[in-house]
Every structure is written in structure tokens, then in C-alpha cells.
Protein chains: 2
Amino acid sequence: MRVSIKDIAREAQVSHSTVSRALSDSPLVSAGTKARIQQLAREMGYSPDAQARSLVMGRTRTVGVVVTTITDPFIAEVVQSIENTAYDYGYSVILTSSGSQSKREIAAVEMLQSKRVDGVIVTSSRVGALYQGLLERLEVPIVLINSHRRQASPSTFSVNVDNRHGAYIATKYLIGLQHRRIGYVGGRTHHSDDQERQAGYCEALARANIDFDPQLMVPGNGRASGGERALPHLRVLADPPTAVLCYNDMTAVGLMRAAREMGIVVPDELSVVGFDDIPFASYVMPSLTTLAQPKAEMGRMAMRMVLSLIGDERAENIDKANVVVKGRLIVRESSGVLTHSGAHERAVARNT
Amino acid sequence: MRVSIKDIAREAQVSHSTVSRALSDSPLVSAGTKARIQQLAREMGYSPDAQARSLVMGRTRTVGVVVTTITDPFIAEVVQSIENTAYDYGYSVILTSSGSQSKREIAAVEMLQSKRVDGVIVTSSRVGALYQGLLERLEVPIVLINSHRRQASPSTFSVNVDNRHGAYIATKYLIGLQHRRIGYVGGRTHHSDDQERQAGYCEALARANIDFDPQLMVPGNGRASGGERALPHLRVLADPPTAVLCYNDMTAVGLMRAAREMGIVVPDELSVVGFDDIPFASYVMPSLTTLAQPKAEMGRMAMRMVLSLIGDERAENIDKANVVVKGRLIVRESSGVLTHSGAHERAVARNT
DNA sequence: TTGTAGGCGTTATCAC
DNA sequence: GTGATAACGCCTACAA
């Protein structure tokens, strides 16, 4: 049988309210009985029932985290940071994944509502009108990480990477390496982050007086297969690109795989730059130059923003706003100065 | 204000018990009032309070999942499968990560106990005596995935990959490719899964009448850095290995990176085999031959085993046991038949 | 300093 | 069929 404060009360010959006070370290209990009760509670293996407490307190100290899939390495890092931060503040995390299916999005929101979470964090989703409406009906703070949404709302805030800036920096870097024919392989079209990255890419070209060539911009899908399929479209051009910026690292990885199969040497013949800096970016070969998103920081900020919106004093100095954080370029091996040497010479040279 | 069954009762001019019955679709309510109440509940935006319900029902329909870190791609896949299965059965998941710190392990168990989870799944942890004792005090079913534990206990079951068999298969495969000098780069020493994989490796050698050479077995740490550091130790040997089995994929990836830096061509000069089949195994270059663990199946089994142990009728046909599942070898590019050709010829040949 | 009583939102057991 | 009433485990006025 599970032991409750009543059981302790009986054992200690006091009322259950005294036990409750003693266990919450209230000053309204004599030091003696307090110590005695706390000791007893330990001995009896008492564990407070969070549900009963929440029922009367009106707070669960629980947040819901909604992801598309936790197997996405970017999302996993963000979630890890959310969980760590939640732990620091005495909160726990209910994890739900939607697989981008609206049926599961709906189920997730309903379940989080029934569980009476104090706040919700949504990561990397396209938040449709229906979904957003659902979320807002929860009447708890909502923080969206890298998620596009229709419109602002009083209780919904966001933490986003500066997509435009990131793509701008990355493209500018490639231009600095003398590249003039720079491709862009996108994510899913109509996703706002893809569009923003496109915009940053175009802006960098424009500032360097490089004509934008729509042929150099091909769509992907945010996964490796997108990059893999994109490369042939670029190589078939009369004047193919010498460098490619990819929507994200997985796209870049797929593109590099295609390059290898086509016998194109990266970075000698083609520079490749990704976006995200997933852990694997440094382990692919060649290792991937990429625009790193501050994933841990974003998770931490989102969690603290939720706390702040809930009214937790410990996080009151946190911005309650739509925060935009800047990424930074991490230069690795997949990018290099434009050269005119062929692959063959290079490969031989490397092995002598 | 949040709407409760009392609010609906007032509005519908019935007692709150009738509302409760109507909403749970009890046959003890007339079809008319039932429909009326359900309609009203929808209009008023009613959401049942899971905590209040759990309080009286004695079940939360929630399971706790304890991981070391969700950023481990193997763990992420397992957790995703757990979450999917939980969703299928109407359960939700509380995620906690311990970072292998006993302080956080303790906190996690306490929190899960307070939250009154119906069961717990622990992934890829070394479950120390203290930790296991703590878990068992929860008095709920516990299922360990790939986690070593001291001893059996009535409510604690496990789902494990057959480490010995997996390493045996992988090593046998390399022997079949004519390799005779085969190295093994371990995980953290004293982890039982590492020891079991070692045993499988040794067994395969023994059956092929290949002498076991302790010099060919070097420790790692389960991460890329372990593989990276291990390779030099192997190459410095008088008779270095022509193939290496690694404790896991990350170790293999690190080892391949070291190989590249040392100018060793995989698989021409060195065959590399991993263990796990993390998603990236197929994207590293060369792609990694590895022993795949059935991650989705393991997550699903663990979750269903919990349900079965809880007494959920829908999962009653599930084994309540210490299940061992077999992995299967996935041959990719990082392994090949032993040859005596040098790197130079090969590399040139490839680029012509 | 301690005890009594009420209530949080449910479900369940009785009567009627 | 429906409605009181109690109970789940906890917190918190209010009373003593």
C-alpha cells in the first residue's frame, strides 16, 4: 500500500494537516514535531502525490514538448537542453511527437491539456492555423522554436534562429572564397525558414553584384534524399555551380553523397555548406562547413521563457518576446577557395 | 475559467454524476440527455482533468522514460518507438535524462514516483545497485533496454540485443572476407554489453581457429573519440589488423576519421564494422557496415511489456520476460575482401 | 502550535 | 435513469 500523509499522521499521532505542514517545512510547526514527522516520512517511504498536489495548487510543474520526431538530431539537441533546464527548475517534461500528422497534433494538444501542463514548447513544426488555434485554446504559455506560425497572439512567443542572417553569412563566406556560381538547395518549399534562408542567400549575392540565377536554386525536402536528388539538376547546367549552400546539414550530407557517386570531389570541385551543425557535421568526410544554430541556448531560452510566462520568479528577467538568435559559421573541410584544378591531379597528389 | 463537469451539470440542469456518466458514454444515461450533455461539453470547451481522474482511478496512463541523453541517435530511435507505441495505446511519456549522474538518476526516480507513472522504461544505462533499488521501490513495472543490471527482480524485465551473437556474426563475416588479423575497439570497459560483444568476437575467432591476440583488442569509450584514439594503437603493431570490429557506430566513425587522417583507405586497406546502425551509418563515407539493432522493435516491445505488466488487456499476449532480440548485419561500403593492393593504386583507379 | 473542515475534479456506490 | 454522497491525497483558511 502507498503511504499518504494520513498514514504518517496516524503513526505520529498528529493530524494530517500538521504532517502536511511539516513536510513542506512550514514555520507553523514546532521544530520537534517537524523533525519527528520528516524522519517518519523517510522511514515509511513516503512520496508526495504530485497529482493531488497539483489538483489543489493549480499547477503541475510540467511542460509539454511537441516535436515532429525526436530522431531528428537538431531537435534532439534542443529537447535535451529543454529537459536539462526544466530539471534545473524542478519541472518535468512530457514528450509528444506528431510526425507532422495533424491527427497526432490534435491528439497531442488534447492530451497535454488533460494533463494540465503549465506550458508548451513546440519545435520545428509548421504550425498551421488549426494547430495554432488548438494550442491557444490551452490557455497556457506556448513557445515555438523555429516554427512558423500564422500570426502573433498574446500567449504565444517564439525563439527562432535568424535564418536570413545565417544564409547571408554563409553565402558571403562562399563569395569570399571567390565562388561566383553558388547554388542553393532548399528545404520543403513554402516553409518560411526555407524562404528566409533563400532571402539571405539572394541578399548576399546582390551585395556582391552577382546576378541571381533561378536555375541555381533547386528545391529539396530537408532530408538527405533531397540533397541527393538536387545535385544532378545543378551539374547538368551549362555553367554549373562551384559551391552550394544547403537548407540544412542533412541536405548537405545527401548532396555530398551524390557528389561522391558522380565522382565530384568536395571541396576541390565543389564547396558545400550546410545549416544547423548537427553533431554529425563534424564526422562526415569531408567534415561539413555549416551555419551552427545555438541549439542548447535555444532550448534553454524557450524553457525559461515558459517559466517566465507562467510567472516563476526565478525566470522573471527573461525576455517575453519573439526572440531571434544568430547562428555562427563553422568552417570545416567541405568548403574551399575556388580553384581550376581538376579532380584527378588533386586525388593523386593527396595520396603521394 | 476552466470548465469542469460541475459547470456542465449546472448548465444542463443535471447532477454532476450524470455528466460524468454521459461523458464516459455509460449506458446508464438516456440517449437524449447523453447527446445533450456531450454537445454541451463540446460547446463549453470541456477538457477532462487527467489528474483528478487518475487520483480516483489509481492509474495515470503515463510511463516514465529514463535515458542518459536523448542526443544519442540510438536512444532517440528507441524513444521515438516507445512514444509511438505509447500513443497507440493512449499513454503518454514523461522523458527524463540522467547524463549518467547518480544525482539526476535519483531525482528522476523521485519525480516519476511523485508523478505516479504506471511504469518505467530505462534505456542504455548502467543500472547500479543503488539505482536499481530505487527503481524497484517505485513498485511499478520496470523494463530495461540494453541496460545491465545486477540481478533479476520480480517486477523488472528487460529487452536486450544479443550482443554476443551480434559480434559473433560480424566477426564471422570479416573472417569470411579472408581477414585473419581482426581488431576489436571496445566501449567503456566493464560495461556488460561491451564484454558480451568481446565474447562474441572471441568466439568467432576461436571457431575459425584464429589465435586471439590481446594486442588487437583496445578499449574505447563508446564515442567517436574512442575510435579515433584507438587506431594508432593498432597500426603501430608489428602485424596490424586488416579489419576492425567496433563497439558501436560512433566508435567506428571516429576510427574511420582517424584512418583518413593517417592516409589509410577504407575499405581497401582496412575494413571497418560498427554496431547499432544509427541513421548516419548509411551517410558516412564510405558508408558503414554494421550490426543493426532492431531499435523500433525494441522500443515497441519494451512499451508493450510495460502495458502487459500493468495488466492492460490489449497487451496481455506479450512476453513478460527478459527478452533477447537478434540484430542483423548490414553490409555497406566500409568492409571488403582482404587484398594486398596498396592505397595508391586503388585511389588512382577510382578517379579515372 | 495544532486540529477541523472544506475543496480541487473526478469516478463509484448507493439509494431513489 | 438520475441524484446524493463519499472517496482519491493534498493544501489551506479558520478555529481552538
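Reminder, nothing fancy here: chain letters follow the sequence lines and each chain counts from 1.
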Got a donor-acceptor contact below 3.5 angstrom from the [X] side chain to the [Y] backbone?
X: A:Arg188; Y: A:Gly222; result: no
X: A:Arg104; Y: A:Ser97; result: yes
X: A:Asp118; Y: A:Val63; result: no

Rounded to the nearest angstrom, tell me the gap between atom [atom1] in [X] and atom [atom2] in [N].
X: B:Gln13; N: D:dT2; atom1: CD; atom2: C1'; result: 14 Å
X: B:Arg10; N: D:dA4; atom1: CZ; atom2: P; result: 14 Å
X: B:Leu23; N: D:dG1; atom1: CG; atom2: C1'; result: 16 Å

- Do the side chains of A:Glu83 and B:Ile70 get nearer than 4.5 Å, heavy atoms only? no
- Query: Should B:Thr62 and B:Lys115 be marked as a side chain to side chain donor-acceptor pair (under 3.5 Å) after you check the CA-CA gap, both sets of side-chain angles, and the distance that decides it?
  - Reply: CA-CA 9 Å; B:Thr62 300; B:Lys115 288 269 159 69; over 6 Å; no
- For a side-chain contact (heavy atoms from CB on, under 4.5 Å) with B:Ile75, tell me which candidate from B:Val65, B:Asn146, B:Thr123 qualifies. B:Thr123
- Task: Summarise protein proximity over nucleotides 4-11 of chain C in one line of letters, 5' to 3': B for base, S for sugar-phosphate only, - for none, counting protein heavy atoms closer than 4.0 Å.
- Result: BB--BBBB
- Do we get B:Arg314 above B:Tyr89's six-membered ring, with its NZ or CZ under 6.0 Å from the centre and within 45° of the axis? no
- Can you tell me if A:Ser24 and A:Ser26 form a side-chain donor-acceptor pair at under 3.5 Å? no
- Query: So which of residues 28-37 of chain B are in contact with DNA chain D, with a heavy-atom cut-off of under 4.0 Å?
  - Reply: B:Leu28, B:Val29, B:Ser30, B:Thr33
